[in-house]
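Since the structure comes first, as structure tokens, the remarks are kept for the end.
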There are 2 protein chains.
Amino acid sequence: MKPDSVFKKAFNRTLQLIEAGDVDIGATSENALRARIGVSRTTVRKVLSELDARGITQASGNGPRAGRPILKSDYFPDLETTSKRQHVEEQFMEWMLRGDTQPGSLINELQLARQFGVATNGVREFLIRFSRFGLIEKKQNSGWLFKGFTEEFALELFEIRVMFELRSAVLFAELPDDSPLWTELAELKTAHQQLLLEIGRRFHDFSRLDNRLHRLINRAAPNRFIDDFYDVITLIFHYHYQWNKKDELQRNEAAIGEHLAYIDALFSGDTHEIERTCLRHMTSARTTLVRSLQGAA
Amino acid sequence: MKPDSVFKKAFNRTLQLIEAGDVDIGATSENALRARIGVSRTTVRKVLSELDARGITQASGNGPRAGRPILKSDYFPDLETTSKRQHVEEQFMEWMLRGDTQPGSLINELQLARQFGVATNGVREFLIRFSRFGLIEKKQNSGWLFKGFTEEFALELFEIRVMFELRSAVLFAELPDDSPLWTELAELKTAHQQLLLEIGRRFHDFSRLDNRLHRLINRAAPNRFIDDFYDVITLIFHYHYQWNKKDELQRNEAAIGEHLAYIDALFSGDTHEIERTCLRHMTSARTTLVRSLQGAA
DNA sequence: AAGTTGTTTTTTATAAGTAATATGCAACCC
DNA sequence: GGGTTGCATATTACTTATAAAAAACAACTT
């Protein structure tokens, strides 16, 4: 059976929109709401009838009207608004990064399925998807080999990352002056400077900026394989730093400085300088990752 | 229900070994045979009892002895010796490369499942696995987008391939003189020369040599992401050239020449020359692929 | 006729079930 | 005691089933 997490998420989202005064249910067509929330009309209708059933809106001859106010308890709990797939991912990453599973050990689909409370199929699909991250490997007619989130992994990851980043940075610098990407880069620069001022209490926000910068640079000359690889990096960093908070403020502060130098180099168009600042940032990011891996082991 | 293709393949393999006089069933332990065929002992035992049931061997007090000779009809048909997974792959690739599915169209799991005669799950697992090849993309809560086996795809693929190959070639040249990889390279050179002499009737064998050469070069400094990427290339070429035979002899003859120049450059250790010959080969391979894609469209 | 809602059909995300295969353990043998 | 076979258990590679969600179609409304 399929869970109704899509519906529940859409329902919560709709409540938010109503509360923010962003939509007037009576005046909005199903299709307009559908486009807004990003689900099918079938789901929108289910949301609307649930709103009605709860008295939040009231159906009448000419469309629904506002009913009772929305309560905090009307929202579905977060847990019910995410798909099983998402749960499996989260639980697996936690299992891998926090558990003490040794590199070289075998992963058992059935066992994970029981542990995560899902059918084996879900675990298997996740593992297939996850296998492209280079951390696990399928053994024919048997389980999966866990290769380990090791220093070696980090080094191989960064070797590729550096190649891709240098390539994209140089291409970025060659963009015509009127490319809209330059504007975006300028905005990002401002955002970095802003964050630096408030670093004390907003240092968590750095990872989002980091992602934006590197993805922006890749957009200079899109290549699907580089994009895919960046997905790997994003996921690894997302989960890894979630469990490695040591020196986060200082690390991020230093990284912002590196980013700013890198951005300036891009604006300057000086290839040599771009390579220098890019490499400096890559090297320090690698050092951070490797160090935290050593700490864990 | 699980198909018994593993058993059937193992059975066929065992028949081969017996016919070739490579194993004497009476004198070989289950475990030895297991290691030889690469399956579990459970499967080996099933093979042995089937041999017995058919009278090919005869169980007696002290182990089985030879019974009747093996007939051609004892072998299971090839179709039954490969997993569903393999079938899905083959059928999908044929569907994609031969069919007239337009780039941008949606792939339907259920429809493919019916067409291929498997459960939807199998198709879905295949598509997840296949998605890393950059030809399809999942749409949340909906089907898969077929991006198309286009010229653009080929160019993006080769951009990465060139980066990786140049990187590995340079590292290969830096290997110490006593590395066993040099011996392997020398052997490959001989194989190339040999093939060139018999090119008229053995030109199909080139693709295997091609694969061996590029994988050998990557082994100088292994990186799992590069290895994975090479899997992409291998699969693409394997299926693509299966349906593009035009000028195959001439193309392969030219490619052997390029390989030989490349190999010599590696032996010379001259970085500049390595880059030149490597690029020449990459460029011509890319041209071949792009041209055949244009022909198809 | 374009946009709306009501209804039916198709497809997806998940679970449950099953024979084949792999794995692990016990008993045997020399 | 290392290697053998016999047997029991666990895991995988599938198939079938089902409610949720998407898509397609039809009827209505301006």
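Chain naming here is simple, since letters A, B, ... match the order of the sequence lines and numbering starts at 1 in each.
Between B/Phe133 and B/Asp231 the shortest heavy-atom distance is CE2-O, 4.0 Å.
Regarding B/Asn31, its CG atom lies at a distance of 12 Å from the C1' atom of D/dG2, rounded to whole Å. Atom pair B/Arg41:CZ and D/dT4:C1' shows a separation of 8 Å (rounding to whole Å applied). When rounded to the nearest whole Å, the span between CZ of A/Phe126 and C1' of C/dA13 equals 17 Å. Following rounding to the nearest Å, A/Leu106 (CG) and C/dA22 (C1') show an atom-to-atom distance of 11 Å. Atom CG in A/Leu33 sits roughly 14 Å away from atom C1' in C/dT5 (whole-Å rounding). Straight-line distance from the CD atom of B/Glu30 to the C1' atom of C/dA22: 14 Å, rounded to whole Å. To the nearest angstrom, P of D/dT5 lies 12 Å from CZ of B/Arg34. As rounded to whole Å, 12 Å separates atom P of C/dA22 from atom CG of B/Asp4.
Under a 3.5 Å cut-off, the side chain of B/Asp74 and the backbone N or O of B/Leu71 do form a donor-acceptor pair.
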For nucleotides 11-15 of chain D, give me every protein contact, N/O to N/O, under 3.5 Å, one pair per line with atom names.
unit_1 : atom_1 : unit_2   : atom_2 : d
D/dT11 : OP1    : A/Asn108 : ND2    : 2.6
D/dT11 : OP2    : A/Arg114 : NH2    : 3.4
D/dT11 : O5'    : A/Asn108 : ND2    : 3.4
D/dT12 : OP2    : A/Glu109 : N      : 3.3
D/dT12 : OP2    : A/Leu110 : N      : 3.2
D/dT12 : O2     : B/Lys2   : NZ     : 3.0
D/dA13 : OP1    : A/Asn141 : N      : 3.2
D/dA13 : OP2    : A/Arg124 : NH1    : 3.4
D/dA13 : OP2    : A/Arg124 : NH2    : 2.3
D/dA13 : OP2    : A/Lys138 : NZ     : 3.4
D/dC14 : OP1    : B/Lys84  : N      : 3.2
D/dC14 : O2     : B/Met1   : N      : 3.3
D/dT15 : OP2    : B/Ala119 : N      : 3.1
D/dT15 : O4'    : B/Met1   : N      : 3.3

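A donor and an acceptor atom sit less than 3.5 Å apart, one in the side chain of B/Thr42 and one in the base of C/dT23.
Under 4.0 Å is where a charged nitrogen must lie from a carboxylate oxygen, and between A/Glu125 and A/Arg85 no such pair does. Under 4.0 Å is where a charged nitrogen must lie from a carboxylate oxygen, and between B/Glu30 and B/Arg45 at least one such pair does. With respect to the salt-bridge test (charged N to carboxylate O, under 4.0 angstrom), the residues B/Asp227 and B/Arg215 do not qualify.
Residue B/Ser29 places at least one side-chain N or O under 4.0 Å from the OP1 or OP2 atom of D/dT4. Between A/Ser40 and the phosphate of D/dA21, there is no side-chain N or O to OP1/OP2 separation shorter than 4.0 Å.
Of the candidate nucleotides D/dA21, D/dG6, D/dT4, D/dA21 has the atom nearest to the side chain of A/Phe7. Distance from the side chain of B/Arg45 is smallest for D/dG6 among the nucleotides C/dA22, D/dG6, C/dG6.
Using bins of under 30°, 30° to 60° and over 60° for the plane-to-plane angle, the ring pair B/Phe130/B/Phe126 lands in the parallel bin.
Annotation: cation-pi pair A/Arg161/A/Phe237 present, NZ/CZ under 6.0 Å from the ring centroid and within 45° of its normal.
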